[in-house]
Amino acid sequence: AIAAACTIVVLRKMGKSVHYYLSVWYYAVIGLIECVIIVSILSEWKLPSCGQDRWMLMLIAVLGITGQTFLIKALQIEKAGPVALTRTVDVVLAFFFQFIFFNRAPTWWSLGGALCVVLSTSGVALRKWYNSSRRS
């Protein structure tokens, strides 16, 4: 959470002065270096045996790069607060995809944590809306 917050602040600070492809490039390179280090430590240098799993890994990579690109573009256009609040939709989507694709219902602890995230996000958004409508 701290690293994600720092990333959002740094990307917002860079703004439009740095082309977003450069940030995406460093995201991919640092991710590759981290993977090589972890795989070396675990001695797990092997590809999945199933062809479908290989396609899923490539899909994860493409969607990760796409998500990072959209995050950087959003931070260039909007302030960091609303972008971070919008990213909490990840929690809801993760539960939805987990249930649809893996047929696994979330635990009560997971639902409670997600509810805390959604309620706090909604509270911040409502407070901002209330303050802006009071000024008008």
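Source: prediction; values computed, not measured. Position 1 is the first residue of the sequence, and the numbers go up from there.
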| query | Can you tell me how far CZ of R12 sits from CD1 of I72, rounded to the nearest 0.5 angstrom? | reply | 13.5 Å

| field | Single-linkage hydrophobic cluster, 4.5 Å side-chain cutoff, V24 and Y26 together | value | yes

| query | Is there a donor-acceptor pair under 3.5 Å between the side chain of R104 and the backbone N or O of Q98? | reply | no

| field | Distance in Å, M58 CE paired with D53 CG, rounded so as to fall on 0.5 Å steps | value | 11.0 Å

| message | Please determine whether side chain to side chain contact (heavy atoms under 4.5 Å, CB included) holds for the pair L115 and L111, giving the CA-CA distance in whole Å, both sets of side-chain angles, and the decisive distance to 0.1 Å. | response | CA-CA 6 Å; L115 185 63; L111 288 174; over 6 Å; no

| note | For V62 and T66 the tightest heavy-atom approach is O-OG1, 2.7 Å

| message | Could you see if V91 belongs to whatever hydrophobic cluster contains F99? Use Ile, Leu, Val, Met, Phe, Trp, Tyr and a side-chain cutoff under 4.5 Å. | response | no

| said: With clusters defined by side-chain heavy atoms of hydrophobic residues (ILVMFWY) lying less than 4.5 Å apart, directly or transitively, does Y27 cluster with Y21? | reply: yes

| message | Is there a path of hydrophobic side-chain contacts, each under 4.5 Å between heavy atoms, that joins V36 and I41? | response | no

| message | Within this structure, what is the NZ-OG distance for the pair K73 and S23, rounded to the nearest 0.5 Å? | response | 10.5 Å

| W45 atom CH2: more than 12 heavy-atom contacts under 6.0 Å | yes

| Which distance, rounded to the nearest 0.5 Å, do you find between the CZ of F70 and the OH of Y20? | 9.0 Å

| Hey, quick one: are L71 and V117 part of the same hydrophobic cluster, counting side-chain heavy atoms closer than 4.5 Å, chains of contacts allowed? | no

| said: Looking at every non-hydrogen atom in both residues, tell me the closest pair between F95 and S110 and how far apart they are. | reply: CZ-O, 3.4 Å

